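Fair warning: this is a prediction, and the values are worked out from it, not measured in the lab. Each residue takes its place number in the sequence, starting with 1.
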Amino acid sequence: MKCQKCGAEIPEGKIYCEQCGTAIQMVPDYNPEDDIAIGAEKNEPEKKPEAPVVPEKGKGSKRRYVLCAFLLAAAGFLAFQAAYSLTGGRETEAEEAEVEGPVLLAEPTFSIAPGAYSHTLQVVISHEEIADGYIYYTTDGTTPDADSTIYNRKIYIDEGRTVLRAIFIRNDGLQSMEADGTYEVVFTYPDEPVFSVPSGEYAESFYVTITAGEDSTIYYTTDGQEPDRYSTRYTGAIQINPGLTVLQAIAIDSENRESGIEEVIYQVADPEGEAVENTEEVPQE
């Protein structure tokens with residue numbers, strides 16, 4: 001650095017000239033013209049960069065772009081169709097197949113629910129559209145169809161196991177769902193009659209009574225014939241006279257179910273030594 005006054009060289013780190021003793025000016029002198037020049041530069045409007053000139057393309061290039069775009073769109077559409085046929089298309093076809101399946105009417109109804117019973121049943125089968133068709137049924141467990149028995153009266157379910165199945169077919173051929181039910185009927189039979197006097201030989205006449213269940217009626221015979229509902233009805237003690245008597249009885253309950261037949265044989269001695277077959281029922285008072 002040189003001294004601004006005498007021009008002598010000033011060593012680095014010195015703040016005054018050793019020749020003339022002038023202090024070194026660390027800040028440059030202020031020049032107003034420099035500020036004016038800087039302000040003028042700031043006030044000048046910025047010049048926008050000019051856009052690059054793109055050469056105009058010919059009509060042939062535009063046609064090529066349009067053709068490429070069309071080909072790309074067609075390829076995308078074909079790819080979409082292929083994917084749809086592998087996924088959604090199959091589901092749609094399955095749904096359409098389900099919709100197009102046969103439509104079935106409501107199933108017939110039974111008046112008595114399937115189950116176990118101890119008496120004879122009379123089942124009525126009905127359908128909400130019975131005026132427009134027919135009910136067909138089976139009782140052997142086979143599938144009912146238009147060749148099965150036409151329902152036109154109550155179905156009697158007797159003792160044993162019965163599988164009842166039924167469908168309704170409308171006059172236009174439309175069929176219902178199938179109704180089915182299993183009935184187990186096990187009868188409770190009355191007990192056999194009980195005699196007050198057992199079989200045996202007796203020296204003189206006597207009376208015998210017969211008992212059975214409260215809701216049973218007793219029928220009997222004394223001639224060795226098997227009794228039934230048409231035999232003599234028991235109403236009171238029976239007199240057993242001298243001679244041989246074969247007494248048989250049966251009980252029939254309110255459901256007309258019969259018990260087994262019970263039998264006793266009486267041999268009553270004749271006071272005069274003669275065998276006599278004679279019995280007489282004594283009515284109960």
Side-chain angles (χ1 to χ4, degrees), residues 110-125 137-141 149 151 153-164 181-285:
F110 301 152
S111 61
I112 299 177
Y117 296 89
S118 61
H119 54 84
T120 302
L121 305 175
Q122 298 181 34
V123 180
V124 176
I125 308 177
Y137 73 94
T138 62
T139 56
D140 58 0
T149 304
Y151 172 80
R153 62 174 62 89
K154 296 179 181 178
I155 300 174
Y156 285 84
I157 306 295
D158 209 342
E159 185 178 22
R161 183 174 185 270
T162 300
V163 179
L164 180 61
T182 300
Y183 298 89
E184 294 281 354
V185 177
V186 179
F187 290 160
T188 301
Y189 291 92
D191 295 332
E192 288 81 3
V194 177
F195 301 102
S196 60
V197 180
S199 298
E201 297 180 358
Y202 296 88
E204 57 184 2
S205 299
F206 59 89
Y207 291 92
V208 60
T209 59
I210 308 174
T211 57
E214 293 182 359
D215 64 341
S216 297
T217 301
I218 300 172
Y219 299 88
Y220 73 95
T221 62
T222 58
D223 58 359
Q225 298 292 321
E226 289 188 355
D228 55 27
R229 67 186 67 249
Y230 304 106
S231 301
T232 303
R233 181 177 177 180
Y234 174 80
T235 59
I238 301 172
Q239 182 178 7
I240 306 299
N241 295 318
L244 179 65
T245 300
V246 178
L247 179 60
Q248 297 186 77
I250 188 173
I252 301 178
D253 64 12
S254 58
E255 297 290 337
N256 290 322
R257 291 192 286 267
E258 301 178 355
S259 71
I261 297 174
E262 283 295 300
E263 176 186 88
V264 289
I265 300 175
Y266 301 119
Q267 181 67 56
V268 180
D270 182 8
E272 298 180 356
E274 297 179 1
V276 179
E277 295 185 10
N278 186 19
T279 59
E280 181 180 354
E281 180 177 344
V282 179
Q284 294 179 345
E285 295 182 357

Rounded to the nearest 0.5 Å, the CD atom of Gln122 sits from the CD1 atom of Ile155 at a distance of 11.5 Å
Residues at least two apart in sequence or cross-chain that pass side-chain contact (heavy atoms from CB on, under 4.5 Å) with Val246, listed by chain then number, are Gln248, Glu263, Ile265
- For residues Tyr220 and Phe195, determine if any side-chain heavy atom of one lies less than 4.5 Å from a side-chain heavy atom of the other. no
Closest non-hydrogen atoms of Pro227 and Ser231, given as atom of the first, atom of the second and distance, are CA-OG, 3.3 Å
Output for pair (Ile240 CD1, Thr245 OG1), nearest 0.5 Å, gives 5.0 Å
Applied to residues 181-191, the side-chain hydrogen bond (donor to acceptor under 3.5 Å, both in side chains) test, sequence neighbours excluded, yields Glu159-Tyr189, Arg161-Glu184
To the nearest 0.5 Å, atom CD1 of Ile218 lies from atom OG1 of Thr211 at 6.5 Å
Output for pair (Ser118 OG, Phe187 CZ), nearest 0.5 Å, gives 8.5 Å
Across all chains, not counting sequence neighbours, the side-chain contact (heavy atoms from CB on, under 4.5 Å) partners of Val124 are Ser111, Tyr151, Lys154
Residues 201-230 vs salt bridge (Lys or Arg N to Asp or Glu O under 4.0 Å), sequence neighbours excluded, gives Arg229-Glu258
**Intermediate values then yes/no, side-chain contact (heavy atoms from CB on, under 4.5 Å), Ile125 and Phe110** = CA-CA 5 Å; Ile125 308 177; Phe110 301 152; 3.9 Å; yes
With sequence neighbours left out, the residues meeting side-chain contact (heavy atoms from CB on, under 4.5 Å) with Thr138 are Asp140, Thr142, Pro144, Ser148, Arg165
Rounding to 0.5 Å, atoms OH (Tyr219) and CD1 (Ile210) come to a distance of 13.0 Å
Closest non-hydrogen contact found for Pro193 with Glu262 is O-CG, 3.3 Å
Taken to the nearest 0.5 Å, the spacing of Leu244 CG from Asn241 CG works out to 12.5 Å
Between Tyr266 and Leu247 the two heavy atoms that sit nearest each other are CE1-CD2, 4.2 Å
| Parallel, tilted or perpendicular for Phe206 and Tyr202, by the 30°/60° rule? | tilted
Sorted by chain and number, sequence neighbours left out, side-chain contact (heavy atoms from CB on, under 4.5 Å) with Thr162 holds for Thr139, Ile157
Residues Asp158 and Val185: closest non-hydrogen pair is O-CB, 3.4 Å
Heavy atoms of Pro114 and Gly181 approach each other most closely as CG-CA, 3.4 Å
